[in-house]
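Only this structure's heavy atoms are used, side chains among them; waters, hydrogens and symmetry mates stay out. Labels below follow one simple rule: chain letters A, B, ... track the order of the sequence lines, proteins then strands, and each chain is numbered from 1.
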Number of protein chains: 2
Amino acid sequence: MSSVTIKDIAKLAGVSHTTVSRALNDSPLINPETKERIKAIADSLNYAPNYSARSLVLDRSYNFGLFFSTLHKGTSAGFLYEAIKGVNDVIKDQFNLIVRGIDDYKSFHNVNRKSFDGLIVMSQSASDQPFIEYAAQIDIPLVVLNRPLDSVKVMNLVPDDQSGAFRVVEHLISRGHRDIAIIEGKAGFKSTEARRDGFREAMSRYEVPVRDEWIVRGNYDLESGHAGMIVLLDLPERPTAVFCSNDDMALGAIKAVTERGLRVPEDISVVGFDDHLFSSFMTPALTTVRRPIEEISRVGAMKLLSFIEKKQVEKSTVYFHTELVIRDSVKTITGGTN
Amino acid sequence: MSSVTIKDIAKLAGVSHTTVSRALNDSPLINPETKERIKAIADSLNYAPNYSARSLVLDRSYNFGLFFSTLHKGTSAGFLYEAIKGVNDVIKDQFNLIVRGIDDYKSFHNVNRKSFDGLIVMSQSASDQPFIEYAAQIDIPLVVLNRPLDSVKVMNLVPDDQSGAFRVVEHLISRGHRDIAIIEGKAGFKSTEARRDGFREAMSRYEVPVRDEWIVRGNYDLESGHAGMIVLLDLPERPTAVFCSNDDMALGAIKAVTERGLRVPEDISVVGFDDHLFSSFMTPALTTVRRPIEEISRVGAMKLLSFIEKKQVEKSTVYFHTELVIRDSVKTITGGTN
DNA sequence: AAGAGCGTTGTTAACGTGTGCAGCTCTATG
DNA sequence: CATAGAGCTGCACACGTTAACAACGCTCTT
């Protein structure tokens with residue numbers, strides 16, 4: 001096989017390798033006819049440029065880094081999927097998309113301008129703060145998605161979790177619920193806080209009391225939703241509705257309800273957050289909040305591309321609208337329970 | 001800021017850049033003391049090697065390509081997740097993991113030995129046959145996962161879909177079912193065929209007749225499972241059990257059953273294939289077949305690493321055991337329906 | 001005392017590409 | 001006819017790294 005270089009082409013065309021380089025890069029310096037001739041030869045030889053060599057001289061790696069907090073426990077499949085899909089849609093042929101977990105790295109040495117033209121950080125936890133600060137400090141084109149930052153000044157695209165949580169809890173209240181519990185997300189995740197804040201905001205806005213025993217910890221996975229609901233069901237006084245901080249936990253919670261011989265929403269209402277692919281197909285279909293991860297990823301990748309082109313970055317925080325999706329998991333009740 | 005090279009280090013250490021290169025690569029030629037001195041300087045300067053330059057001279061890209069048939073419709077989130085997780089676990093710091101959809105490429109020119117040290121193809125459809133043949137032809141280290149190949153000779157790691165389908169249908173029969181329908185997967189996917197074959201094998205082995213109107217087309221997504229089940233429910237003679245070719249479709253199918261005011265498994269039994277993360281949390285928990293995608297990916301990545309190291313590839317097909325997972329979506333019936 | 005051999009370091013070229021500058025040819029202009 | 005300039009092409013070097021080979025000083029052998 002062996003690989004063909006511009007020098008091989010040059011020899012066949014009877015020109016210097018410089019001319020070949022310019023021809024293939026569509027330089028206006030080259031005579032249109034020779035240009036065509038050279039391109040024809042390159043095609044016939046199946047020439048493909050050596051990106052290592054090009055990178056070396058141009059000081060561009062053609063690598064896009066897409067970094068998640070972790071690729072192990074904690075990142076849901078749907079989240080990964082939407083993020084990759086959104087970014088991949090934008091970058092097409094020009095760049096390599098490199099997917100990694102921040103926690104895969106012992107040292108960040110190898111994350112630098114030589115190896116990456118730009119970085120997209122899908123931040124899910126405060127634990128990647130050091131990475132983000134490192135990236136900001138080495139002055140590499142950077143966008144941080146999903147998690148709002150306070151300290152570092154970067155391009156920051158995030159879903160408006162708090163107002164989403166507010167709306168779904170407001171929805172419960174509007175359906176007559178006043179005994180509302182929350183199963184919280186993973187400790188340390190900013191989204192956990194934002195959703196809790198939205199919950200509290202709605203409760204206080206509508207003057208519904210929050211009861212401590214109806215606030216239970218979760219960690220965003222199915223099992224924790226299941227366990228959390230069991231805790232709630234075992235309470236002497238049960239809530240009439242439960243706000244689960246994501247759909248995975250809502251699924252686990254509904255499972256727990258069913259195991260007890262109770263039904264959703266007849267005996268207890270459940271709402272989630274995320275609008276996972278399967279949420280509309282659950283029994284009952286889940287009322288939840290749609291978080292536009294794919295769109296955020298797409299926009300983030302486009303921003304990053306423009307930073308690289310223009311060699312200049314903007315820094316600002318953009319919130320993306322979250323949307324209440326009403327389905328069948330909430331019962332309308334008329335009187336309060338007490 | 002600016003990036004530091006081995007020449008900078010050389011200047012500070014008062015040696016030649018060659019010596020620095022050797023020291024950092026732990027060459028036995030270098031005096032241990034100078035070696036330590038050079039390493040210390042490198043550390044203090046936060047030196048990181050320029051991979052483009054290294055790649056150019058060593059003819060290694062340090063890139064692993066993980067290719068899916070498509071990153072658009074057709075690849076489920078769970079599948080993508082498990083595959084990435086499995087591969088990422090193995091490669092750690094040494095390589096970049098580049099994730100792409102085969103259908104993102106107009107031409108395969110840029111997929112070559114210069115840009116990739118090795119390729120992992122997560123094949124889901126016959127449509128990526130040209131890509132696989134191309135890869136085999138340019139003689140790049142290659143493993144093809146998930147879909148069994150007949151023509152091309154490569155390292156091919158696949159789940160034993162047929163025997164999995166056989167077992168889950170056998171399970172239905174052992175529970176007394178004889179009126180069994182199938183909702184098939186996406187046309188053109190090898191897995192669709194294998195699961196259909198397993199279904200037919202079980203039916204014929206136990207001498208249960210297959211009825212044409214109980215074979216309905218699907219395409220592996222939720223909606224098609226939903227639609228498929230509606231077709232079956234509208235039939236004058238309904239089956240007592242339905243084998244859905246994956247869990248997504250099973251979820252859609254169960255949804256359709258519920259919408260009709262019927263129940264699973266009391267009125268109709270449903271089984272799936274894949275054992276998705278959410279399958280155990282559905283209502284009812286789904287009886288299905290576990291397909292070890294993560295394990296296949298991990299083993300595939302390890303094989304590929306060893307090919308690259310040893311500069312020599314093996315070619316064989318390895319089947320990975322699929323496992324029947326019995327849950328609550330199948331009813332035991334005593335007499336047949338006719 | 002001369003040479004062989006070892007341990008350590010430096011010189012130089014190479015990988016494939018892009019680019020500043022010089023140089024060529026040809027035409028237009030005075 | 002001389003010259004300027006436009007249009008095109010080539011020379012030579014650069015990017016940062018590795019590696020073959022040469023070369024150095026030193027010790028040991030004969």
- Note on the structure: Looking only at heavy atoms, the pair that brings P159(A) and R291(A) closest together is CB-CG, 3.5 Å
- Item | Pair S27(A)-R22(A), side-chain donor/acceptor within less than 3.5 Å | no
- With under 30° as parallel and over 60° as perpendicular, where do the rings of F95(A) and F64(A) fit, or are they tilted in between? tilted
- Message: To the closest 0.5 Å, what do you measure between CD1 (I41(B)) and CG (L12(B))?
- Response: 5.5 Å
- Item | Closest contact, heavy atoms only, A77(B) versus Y81(A) | CB-CB, 3.6 Å
- Walk along DNA chain D from 5' to 3' and tell me the first and last nucleotide with an atom closer than 4.0 Å to a non-hydrogen atom of chain B. dG16(D) to dA20(D)
- What one should report as the nearest heavy-atom pair of S21(A) and I6(A) is CB-CD1, 4.1 Å
- Student check: side-chain heavy atoms of D59(A) and K114(A) closer than 4.5 Å: yes
- Note: I138(A) and V111(A) closest approach over all heavy atoms is CD1-O, 3.5 Å
- Query: Which pairs count as side-chain hydrogen bond (donor to acceptor under 3.5 Å, both in side chains) when at least one residue sits in residues 34-43 of chain A, sequence neighbours excluded?
  - Reply: D26(A)-K39(A)
- Item | Y105(A) OH: over 12 foreign heavy atoms closer than 6.0 Å | yes
- Query: What pairs meet the ring pair (Phe, Tyr, Trp, His ring centres under 6.0 Å) rule with one or both residues in residues 113-139 of chain B, with sequence neighbours excluded?
  - Reply: F67(B)-F116(B), F67(B)-F131(B), F108(B)-F131(B), F108(B)-Y134(B)
- Task: Would you indicate whether the side-chain heavy atoms of P148(B) and K190(B) approach each other to under 4.5 Å?
- Result: yes
- Determine which pairs satisfy side-chain hydrogen bond (donor to acceptor under 3.5 Å, both in side chains) with at least one residue from residues 293-305 of chain B, sequence neighbours left out, and list them in order. K85(B)-E294(B)
- Message: If you take any heavy atom closer than 4.0 Å to DNA chain C, which residues from residues 5-12 of chain B end up in contact?
- Response: none
- Query: Is there a donor in the side chain of D161(A) and an acceptor in the side chain of S191(A), or the other way round, less than 3.5 Å apart?
  - Reply: no
- Message: With no hydrogens and no angle check, just 3.5 Å: does a side-chain donor-acceptor pair link S52(A) and S55(A)?
- Response: no
- Mind jotting down which residue pairs meet the ring pair (Phe, Tyr, Trp, His ring centres under 6.0 Å) criterion with at least one end in residues 11-38 of chain B? Sequence neighbours excluded, please. none
- Note on the structure: Scanning both residues in full, the closest heavy-atom pair of V90(A) with L305(A) reads CG1-CD1, 3.6 Å
- Using the heavy-atom set of chain A and a strict 4.0 Å cut-off, write down the first and last nucleotide of DNA chain C that makes it in, 5' to 3'. dG16(C) to dG20(C)
- Query: Among residues 56-63 of chain A, which contact DNA chain C at a heavy-atom distance under 4.0 Å?
  - Reply: V57(A), L58(A)
- Residue pair D117(B) / S61(B), side-chain donor-acceptor N/O under 3.5 Å: yes
- Task: Name every residue in residues 18-38 of chain B that has at least one heavy atom under 4.0 Å from any atom of DNA chain C, in order of residue number, or write none if there are no such residues.
- Result: T18(B), T19(B), R22(B), L29(B), I30(B), N31(B), T34(B)
- Roughly how far, to the nearest 0.5 Å, is CE of M302(A) from CG of L157(A)? 11.0 Å
- In short, the helix from dA1(C)-dT30(D) to dG30(C)-dC1(D) is bent end to end, axes from five pairs each side, to 10°, by 70°
- Any pair counted as ring pair (Phe, Tyr, Trp, His ring centres under 6.0 Å), so long as it reaches residues 22-60 of chain A, sequence neighbours left out: Y51(A)-Y62(A)
- Ordered by number, residues from residues 40-50 of chain A within less than 4.0 Å of DNA chain D (heavy atoms) are none
